[in-house]
Amino acid sequence: CAHAVDSHLDHYRAWMELANDLPNLIESRKLRDLVHKMPVLSTHLLNSPQELRLAHLALGFITMGYVWQEGQHAPAKILPRALAVPYWVVSRRLGLPAVLTYADSVLSNWKLRDPSKNMDLVISLPGGGSCRGFFLVSLLVEMAASSGIKVGIVSCSDPASVNRGLLDLTASLKKMKEIFKLMHRKKLTVCGLYYFRWRDNPMLPEGLVYEGVSNEPVLLSGGSAAQSTAIQCFDALLGIQHDNESGAFLTRMRDYMPPAHRQLIETLSDCPSLRDFILSCANPDLKQAFNDCVLALEDLRTYHVSAVTKYIVVPANRAQETGHSDRGAGDKLDATGTGGSSLLVFLKSVRDTTRKVLI
């Protein structure tokens, strides 16, 4: 959707000029001053879903830059009217919250850089190639997941089709893990994702005031891989039901997905149980295919635990011990994820629950 508002470019130029220069404006600490000079623009010219998604993306990134420009110890507590009002209106029209989500920063934040189909980000943050790589590798992981979701449309009355679907899902999960490894082979940073929220965040304990929208602070979680529609679809397909806090957190993260994505997960969850069908078939090949699928998802989640420990939790703990951190490692957040979860506890919980559905 990178060129979605070309026809209305002049009207929304103030937004796009800030968004396109965001890394420089944040690092030079000029963004807040420019936002204060920005006019309150009407959203009436935004009509198509692509235009609205691009507006949500741009306003979301500008909001993050505005709130955290001065680092973790001096977040803005009030979002100026020129940002808050259009952001809130666009969000309501899309059925999304007025905060940068995974659907924004990963799923909507790419364009083709050249005819050879090399991809680039639409909008970035400070961090250069490392930040760019973080978002793009996340996108590639999602793309690898897409072929696995089709098992959800396979008829449970046809064992051969179910078997093929499960083999495809297993292959997708293995490919996702291999792509995920790129992030850590190339030592990509988390791109300041620690800061992407104002709920369960000790830096903004009361939330953020959206000027012109509400006089009371608003509490919103930020972008999180828990908002990946693909992973929650796989859980639904395999009959994996996460309990207690982990399950409640994953359900809450659906509020940060586009409405059609939420609906897909709910539809798959309401389908007849694939696991029950396989149990009723007494087919050893089907049982093996199902178990291979479950183990591949468990393996992906195990790798996620080790990667998060090495690249997020350990650096955050080190920053806490030394008292030194930058905008990419929030010492106050320690082992808390961007969505507000206790990160390692959550990741280990969903991994362990995955294994329980083995036949």
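Since we're looking at a predicted model, the values are computed, not measured.
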Residues forming a salt bridge (Lys or Arg N to Asp or Glu O under 4.0 Å) with R275, sequence neighbours excluded
none
Can you see which heavy atom on L204 is nearest to which on A76, and at what distance?
CD2-O, 3.7 Å
Correct closest heavy-atom pair for A14 and L41 would be CB-CD1, 4.5 Å
What's the verdict on salt bridge (Lys or Arg N to Asp or Glu O under 4.0 Å) for R301 and D235, showing C-alpha distance, side-chain angles and the deciding distance?
CA-CA 12 Å; R301 284 177 157 152; D235 280 342; 2.9 Å; yes
Are L274 and I265 linked, directly or through other ILVMFWY residues, by side chains that come within less than 4.5 angstrom of each other?
no
Under 6.0 Å from the CZ atom of R92, do we count more than 12 heavy atoms belonging to anything else shown?
no
If you round to the nearest 0.5 Å, how far is CZ of F234 from CE of M176?
5.5 Å
Between W198 and L219, is there shared hydrophobic-cluster membership here, with clusters defined by ILVMFWY side-chain heavy atoms closer than 4.5 Å?
no
Could you tell me whether N118 atom CG has more than 12 heavy atoms of other residues or ligands within 6.0 Å of it?
yes
Could you go through the side chain to side chain donor-acceptor pair (under 3.5 Å) check for S161 and R164 one step at a time?
CA-CA 5 Å; S161 295; R164 287 194 297 271; 3.2 Å; yes
Would you tell me whether Y102 and E142 have side-chain atoms, one donor and one acceptor, within less than 3.5 Å of each other?
yes
Atom CD of E178 with >12 non-hydrogen neighbours under 6.0 angstrom
yes
Would you say R53 and P258 make side-chain contact, with heavy atoms under 4.5 Å?
yes
Does any non-hydrogen side-chain atom of P217 lie less than 4.5 Å from one of L208?
no
Pair Y256-H261, side-chain donor/acceptor within less than 3.5 Å:
no
Where the side chain of Q232 meets the backbone of L250, is there a donor-acceptor pair that is under 3.5 Å apart?
yes
Hey, does the side chain of Y87 reach the backbone of V99 with a donor-acceptor pair shorter than 3.5 angstrom?
yes
Check: D33 side chain, K30 main-chain N or O, donor-acceptor pair, under 3.5 Å
no
Between S28 (side chain) and N24 (backbone), is there a donor-acceptor pair under 3.5 Å?
yes
Flag side-chain contact, heavy atom, 4.5 Å: N283 against I278
no
Residue pair L46 / Y12, side-chain heavy-atom distance below 4.5 Å:
yes
Shortest non-hydrogen contact from S269 to A236?
OG-CB, 3.5 Å
Please check: side-chain N/O of Q69 versus main-chain N/O of R32, any donor-acceptor pairing under 3.5 Å?
yes
Report yes if the side chains of Y210 and I78 come closer than 4.5 Å at any heavy-atom pair, otherwise no.
no
Ring-plane angle category for F180 and Y303, please: parallel below 30°, perpendicular beyond 60°, tilted otherwise.
perpendicular
Examine distances only and state if a side-chain atom of Q227 and a backbone atom of G222 form a donor-acceptor pair shorter than 3.5 Å.
yes
Compare every heavy atom of S42 with every heavy atom of H11, then report the nearest pair and how far apart it is.
NE2-O, 3.4 Å
Please answer: with hydrophobic residues joined when any side-chain heavy atoms are less than 4.5 Å apart, are L59 and V209 in the same cluster?
no
Can you name the closest pair of heavy atoms from V350 and S246 and give their distance?
CG1-CB, 4.2 Å
Exceeds 12 heavy-atom contacts within 6.0 angstrom, atom CD of E206:
no
Connected via hydrophobic side-chain network under 4.5 Å: V90 and M257
no
Which atom names give the shortest non-hydrogen contact between A144 and I179, and what distance separates them?
CB-CD1, 3.7 Å
Could you check whether any side-chain N or O of N109 sits under 3.5 Å from a backbone N or O of V122, counting only pairs where one atom can act as donor and the other as acceptor?
yes
For a quick check under 3.5 Å, do Q263 and T267 share a side-chain donor-acceptor pair by atom type?
yes
Does some side-chain heavy atom of T170 sit less than 4.5 Å from a side-chain heavy atom of L167?
no
Short side-chain to backbone donor-acceptor contact, S349 and V345, under 3.5 Å:
no
Is the number of heavy atoms from other residues, nucleotides or ligands under 6.0 Å of M119 CE greater than 12?
yes
Counting N and O atoms only, with roles assigned by atom type, does the side chain of S280 sit under 3.5 Å from a partner on the main chain of F277, one being a donor and the other an acceptor?
yes
V294 vs F290, side chain to side chain contact (heavy atoms under 4.5 Å, CB included): CA-CA, chis, key distance, verdict:
CA-CA 6 Å; V294 173; F290 181 85; 3.7 Å; yes
Residue pair D299 / L295, side-chain heavy-atom distance below 4.5 Å
no
Just wondering, do V218 and V213 contact through their side chains at under 4.5 Å, heavy atoms?
no
With no hydrogens and no angle check, is any side-chain donor or acceptor of R252 less than 3.5 Å from a backbone partner on S221?
no
